[in-house]
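Below you'll find the structure, written out as structure tokens, and then a few comments.
All figures in this text were calculated on a predicted structure; none of them were measured in a lab. Lettering of chains follows the sequences in order, A, B, ..., and the numbering in each one begins at 1.
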Number of protein chains: 2
Amino acid sequence: MHILTKRWICPANSGKPGRMIPLSHQSPVSLSACHLAKAIDTIGDRWTLLILRSALFGVRRFDDFQRELGAPRTVLSGRLKALTQNGILEKRMYKTEGKRARPEYVLTKTGMALRPVLIALTQWSDDCLSQGKPPPLSFTDAASRQPIKVAFVDTSGRKVPPSQMRVALRR
Amino acid sequence: MHILTKRWICPANSGKPGRMIPLSHQSPVSLSACHLAKAIDTIGDRWTLLILRSALFGVRRFDDFQRELGAPRTVLSGRLKALTQNGILEKRMYKTEGKRARPEYVLTKTGMALRPVLIALTQWSDDCLSQGKPPPLSFTDAASRQPIKVAFVDTSGRKVPPSQMRVALRR
DNA sequence: CAGTATCCGGTCTGATACTG
DNA sequence: CAGTATCAGACCGGATACTG
């Protein structure tokens, strides 16, 4: 039916018709087999994303999430449970001197691995959504103090321009 | 109250307590001023994200989206309208020889700029969510044919390890 | 604190049908 | 095709209260 017969290639879209992603009537991968779709099912929800935002900023306690997000407690409870079950947050007991233990929700390794996603989203917002407003946060390299961006890199660690990126169906 | 008094620094979390993001009771940026929160409000919704997934794979027509996603037509209609109003999709008329014009929804430059976000999400899913299942898609450099990853880079285009990344509040 | 329980009005979802 | 119309039911948002 289309390009997929041999191998599915997705060039960059520069706005010029010739370089546009070719029209297709169906994605190359079914929703049920698509890893991206699975990720969307797991964290692609407004409250869940807002919780992850706060978590990346160091928020860990139920009432801190609740106060900051203004989410109904029942909803927050449900989302934290789901994130815990999916291995993105870990619920653990935090004990301080003299006080009794309290639960806290901490990002697991899997949860921390979402950082590039959320930072890429932040930079998209900085670049495309904010009309003139300067970004309140800056991301920098600890050593050089230069600004950091999210971008495509090859195996040697060199930046690859988006126009050079190709998507192919695994054989 | 916490680290924010001087400058807010967010080191990497390697799982070891000493390197964890410090506990905070509140994010350094209010929800209303946060660019990330704005992005979440704009596209942080299951159907919207699934629509963007299909759009990046070249789907452009109403019924193609509907068939692939199984979304209620009313919902799909609403999401496409919102994405168009937010400048992420452009609704335009596509005319083919002899047939009458039909509408199609094409990613704008702003929409295409979401590609790193969705590819980062795909790679997160590949790395953390898929139990053994190999990813159905591969992302490569057109020239070298090497695999491509989403990562942090500095201004010189060199990859920066996540542990070197710092977040600071703009003064 | 950290939740669970309950209630209510509203929006979203899902299914099906209908129109230009 | 590309939508709008309609409708029942689920889920959400907001409030408040209760418990360990």
Side-chain angles (χ1 to χ4, degrees), chain A residues 1-2 23-26 31-32 37 40-51 54-55 58-85 89-106, chain B residues 1-2 23-26 31-32 37 40-52 54-55 58-86 89-106:
Chain A
M1 158 149 279
H2 55 80
L23 170 66
S24 94
H25 295 288
Q26 203 178 330
L31 275 185
S32 56
I40 291 172
D41 275 345
T42 307
I43 62 154
D45 160 88
R46 202 182 108 81
W47 289 122
T48 301
L49 288 167
L50 289 173
I51 288 169
S54 296
V59 175
R60 292 188 215 154
R61 310 247 237 245
F62 189 92
D63 272 22
D64 289 334
F65 283 115
Q66 203 281 322
R67 216 187 340 273
E68 173 152 303
L69 303 182
R73 306 177 76 80
T74 44
V75 173
L76 178 59
S77 176
R79 295 295 196 281
L80 289 174
K81 210 158 285 177
L83 282 166
T84 303
Q85 280 168 358
L89 293 179
E90 184 195 348
K91 180 177 183 174
R92 64 187 192 197
M93 291 303 168
Y94 177 82
K95 36 204 166 298
T96 39
E97 193 73 27
K99 298 185 178 175
R100 91 169 173 297
R102 306 125 138 292
E104 60 175 3
Y105 297 89
V106 192
Chain B
M1 158 149 275
H2 55 79
L23 170 65
S24 95
H25 295 286
Q26 201 179 330
L31 275 186
S32 56
I40 292 172
D41 275 346
T42 308
I43 62 154
D45 160 89
R46 202 182 107 82
W47 289 123
T48 301
L49 287 167
L50 289 173
I51 288 169
L52 289 172
S54 296
V59 175
R60 291 188 216 154
R61 311 248 239 242
F62 189 92
D63 272 22
D64 289 334
F65 284 114
Q66 203 282 320
R67 217 188 340 274
E68 173 152 301
L69 303 182
R73 306 178 75 81
T74 44
V75 173
L76 178 59
S77 175
R79 295 295 197 280
L80 289 174
K81 210 157 286 178
L83 282 167
T84 303
Q85 281 168 358
N86 289 327
L89 293 179
E90 184 195 348
K91 180 178 184 175
R92 65 187 189 196
M93 291 303 168
Y94 177 82
K95 37 202 166 298
T96 39
E97 193 73 26
K99 296 185 178 174
R100 90 168 175 297
R102 303 125 139 292
E104 61 175 4
Y105 297 89
V106 192

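- When side chains are defined from C-beta on, Leu89(A) does not count as touching Glu104(A), because their heavy atoms never get closer than 4.5 Å.
- Using a 4.5 Å heavy-atom cutoff, the side chains of Tyr105(B) and Lys91(B) are in contact.
- Residues Pro103(A) and Met93(A) meet the side-chain proximity criterion, which asks for heavy atoms closer than 4.5 Å.
- Applying the side-chain hydrogen bond (donor to acceptor under 3.5 Å, both in side chains) criterion to Thr42(A), with sequence neighbours excluded, gives no partner residue.
- A donor-acceptor contact shorter than 3.5 Å links the side chain of Thr84(A) to the backbone of Leu80(A).
- Annotation: of the two residues near DNA chain C, Lys81(A) and Arg102(A), the 5′-most nearest-nucleotide partner is Arg102(A).
- Note that the CD1 atom of Ile51(B) and the CG atom of Leu69(B) stand 6.5 Å from one another [nearest 0.5 Å].
- Axis deviation across the helix from dC1(C)-dG20(D) to dG20(C)-dC1(D) amounts to 40°, comparing end segments of five pairs, rounded to 10 degrees.
- Taking every nucleotide of DNA chain D with any atom under 4.0 Å from a non-hydrogen atom of chain A, the first and last of them, 5' to 3', are dC12(D) to dG20(D).
- Nearest-nucleotide assignment on DNA chain D puts the 5′-proximal partner with Arg67(B), out of Ser77(B) and Arg67(B).
- With contacts defined as side-chain heavy-atom distances shorter than 4.5 Å, the pair Arg61(B)/Leu23(A) qualifies.
- Two residues are said to be in side-chain contact when any heavy atoms from C-beta on lie closer than 4.5 Å; Ser77(B) and Arg73(B) fail this criterion.
- When the side-chain hydrogen bond (donor to acceptor under 3.5 Å, both in side chains) test is applied to Asn86(B), no partner is found at least two apart in sequence or on another chain.
- Of the inter-residue distances, the one linking Arg79(A) atom CZ with Trp47(A) atom CH2 reads 8.5 Å to the nearest 0.5 angstrom.
- Heavy-atom minimum distance, Glu68(B) versus Val59(B): OE2-CG2, 4.3 Å.
- Using a 4.5 Å cut-off on side-chain heavy atoms (C-beta onward), Asp41(B) and Arg46(A) make contact.
- Residue-level contact check: Tyr105(A) touches the backbone only, with heavy atoms under 4.0 Å from sugar-phosphate atoms and none from bases.
- Separation of atoms CZ (Arg100(A)) and NZ (Lys95(A)) is listed at 14.0 Å; rounding is to 0.5 Å.
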Below 3.5 Å is the cut-off: list the nitrogen or oxygen pairs between protein and nucleotides 8-11 of chain C, distance only.
none

Measure all distances between protein nitrogen or oxygen atoms and nitrogen or oxygen atoms of nucleotides 13-16 of chain C, and list the pairs falling under 3.5 Å.
unit_1	atom_1	unit_2	atom_2	d
dT13(C)	OP1	Trp47(B)	NE1	3.4
dT13(C)	OP1	Arg79(B)	NH2	3.2
dT13(C)	OP2	Arg79(B)	NH2	3.2

